[in-house]
There are 2 protein chains.
Amino acid sequence: MRVAAEVFADQGYRSATIRDICRRAGTNVASVNYHFGGKAGLYRAVVQSGGAFTSEMAGRLAASGGAAEDRLRAYVEVFLTRVLAEGPCAVHGRIMAREMIEPTEALDQLVDGFIRPEAEMLSLAVGEIVGKDFTREEIRLLCMSVAAQVVFYKHCRPVVERLFPDFRLDSAAVSVLAESITGFSVAGLRGLSAARSTAREAKGKGTPGTAAATRPAARRIAKGRN
Amino acid sequence: MRVAAEVFADQGYRSATIRDICRRAGTNVASVNYHFGGKAGLYRAVVQSGGAFTSEMAGRLAASGGAAEDRLRAYVEVFLTRVLAEGPCAVHGRIMAREMIEPTEALDQLVDGFIRPEAEMLSLAVGEIVGKDFTREEIRLLCMSVAAQVVFYKHCRPVVERLFPDFRLDSAAVSVLAESITGFSVAGLRGLSAARSTAREAKGKGTPGTAAATRPAARRIAKGRN
DNA sequence: CTTCCTTTCAAACACCTGTTTGACACCACG
DNA sequence: CGTGGTGTCAAACAGGTGTTTGAAAGGAAG
């Protein structure tokens with residue numbers, strides 16, 4: 001039921017009431033128990049039915065090849081679109097955001113089905129950009145730094161709106177946001193990669209004098225993981 | 001009441017029940033209505049009483065001077081500590097995170113009282129790092145990119161734990177996370193700043209060629225002076 | 001038409017929510 | 001001792017929750 005997905009999306013599983021859903025849908029309260037076996041069954045059905053849009057986006061994302069930077073940009077754009085989308089096609093993203101704060105049993109299924117594959121795709125692109133001098137744990141942290149910028153605009157939307165009332169946060173803002181996030185992230189990854197390689201080259205000479213030229217921030221990262 | 005703050009923090013205002021709070025606190029259900037005038041009054045009291053710890057952190061943050069990079073690092077560390085802290089001193093951070101997803105009337109007060117001052121502090125540091133070639137809107141976006149990385153570990157904790165079960169996300173991880181976030185952010189800001197300045201210098205000559213400009217820019221940053 | 005099955009509906013059920021009520025105990029103060 | 005105020009308590013209240021129930025309606029097959 002589309003209206004059920006809508007209600008679940010912006011009220012959460014717990015706060016949503018089947019009476020409200022049924023009133024909006026023009027049906028009876030008992031029908032959901034008859035067809036889905038209860039509120040939990042309805043929610044399950046909504047969650048896995050809403051995966052269509054998400055999967056379609058994921059497919060479009062998986063098909064995008066090319067340089068790592070372009071794949072990263074595609075990832076950010078797709079993810080951002082999903083997160084900022086409006087209307088009925090956005091329910092899955094909204095439910096996913098809800099699940100992160102108020103996890104139900106559906107979150108495990110969501111993580112394994114949608115989030116993990118995309119996380120690995122992102123990890124590949126990031127690893128390609130920074131090069132081979134970074135451990136898996138470091139790349140993992142960097143991936144989260146990239147993904148964080150996207151989900152921020154979903155999770156902190158109420159704060160952003162209060163902080164900057166003139167800041168438009170709709171689907172039209174996707175491109176400018178994607179541009180900012182991608183530019184910042186690519187610059188960050190490239191900068192870290194370059195700092196790491198210079199630090200490695202300087203290691204053979206004994207005193208890392210050149211590394212001291214870099215600011216303490218980059219230097220500590222370079223030798224932080226012993 | 002401390003236990004009330006605890007319950008509100010990890011259940012949210014709506015899901016928390018005063019019966020649960022009172023049972024844990026060993027007091028009677030009617031006492032909260034007698035002393036606070038109701039559930040909303042209790043919540044208000046909890047919210048503004050919890051500000052002590054947050055304010056103390058903010059004071060420590062405001063006192064930190066020095067280079068913009070160090071101030072940014074201090075911001076990330078303080079913010080991350082607040083967000084990942086455990087025990088009773090973390091309730092304010094957790095309630096704030098809750099408010100972002102499920103806003104109540106307390107969010108406006110929280111934003112004006114705590115978030116906005118720190119956002120301006122962050123904005124100053126970021127603007128100092130990237131230099132004067134960036135508009136206020138661009139700096140605003142970059143600030144959100146930095147802050148996003150911090151709140152990510154709070155808001156997406158359930159997902160992170162499912163994605164990487166071995167990833168420890170406690171107060172001991174603060175330093176590692178702060179290091180990664182600061183390094184990534186500073187590298188990103190410096191890279192963008194360098195790319196912007198080279199693009200400005202090249203503007204007189206004709207075709208800018210942005211993609212070609214970013215890579216050398218990042219490399220140059222890694223070598224030191226800008 | 002009868003029969004059977006599926007679906008819908010209003011009502012009721014049992015439970016939980018925040019709040020109110022009235023009685024009870026405590027205790028400083030006159 | 002008496003008295004008034006203060007804080008606490010169990011009980012009850014009114015409203016909302018998910019779920020169940022039993023009756024009624026629709027329709028296809030015999």
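Below, each value reflects all heavy atoms present in this structure, side chains not excepted, and no hydrogens, waters or symmetry copies. Naming convention: chains lettered A, B, ... in sequence-line order (proteins, then strands); numbering from 1 in each chain.
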Between A:Arg82 and A:Glu118, does any NZ, NE, NH1 or NH2 come within less than 4.0 Å of an OD or OE carboxylate oxygen? yes
Whether B:Arg157 and B:Glu161 form a salt bridge (side-chain N of Lys/Arg under 4.0 Å from carboxylate O of Asp/Glu) is what I want to check. yes
Just the rounded figure in Å: distance from P of C:dG18 to OH of B:Tyr43. 14 Å
For the pair made of NE2 in A:His35 and C1' in D:dT19, what is the distance, rounded to whole Å? 16 Å
For A:Ile181, is there any backbone N or O sitting under 3.5 Å from a side-chain donor or acceptor partner on A:Ser185? yes
Indicate, with a heavy-atom threshold strictly under 4.0 Å, whether B:Ser31 touches base, sugar-phosphate, or nothing. nothing
So does A:Thr104 get a backbone contact from the side chain of A:Glu99, meaning a donor-acceptor N/O pair under 3.5 Å? yes
Nearest to the side chain of B:Ala30 - D:dT19, C:dC9, C:dT20? C:dT20
Between P on C:dT21 and CG on B:Asn28, what's the gap in Å once rounded to a whole number? 16 Å
Go through the N and O atoms of the side chain of A:Arg19 and the base of D:dG16, and report whether any donor-acceptor pair is under 3.5 Å. no
Kindly confirm or rule out a cation-pi arrangement of B:Arg196 over B:Phe134, judged by NZ or CZ under 6.0 Å from the six-membered ring centre and within 45° of its axis? yes
Which residue lies more 5' along DNA chain C, comparing A:Gly26 with B:Tyr13 via nearest heavy atoms: A:Gly26
Of the candidate nucleotides C:dT8, D:dA10, D:dG18, which contains the atom at the shortest distance from the side chain of A:Lys39? D:dG18
Which part of the nucleic acid, if any, lies within contact of A:Val29, taking any heavy atom under 4.0 Å across all strands shown: a base, the sugar-phosphate backbone alone, or nothing? base
Measure from CD1 on B:Ile21 to P on C:dT17 and round the result to the nearest Å. 11 Å
Whichever of B:Thr27 and A:Ala40 has the more 5' nearest nucleotide on DNA chain D, that residue is B:Thr27
Which whole-number value in Å describes the distance from B:Asn33 CG to D:dT8 P? 13 Å
Rounded distance (Å) that lies between atom P of C:dG18 and atom CG of B:Leu42: 11 Å
Rounded distance (Å) that lies between atom P of D:dA11 and atom OH of B:Tyr34: 21 Å
Atom CZ of A:Arg23 and atom P of C:dT8: how far apart are they, to the nearest Å? 19 Å
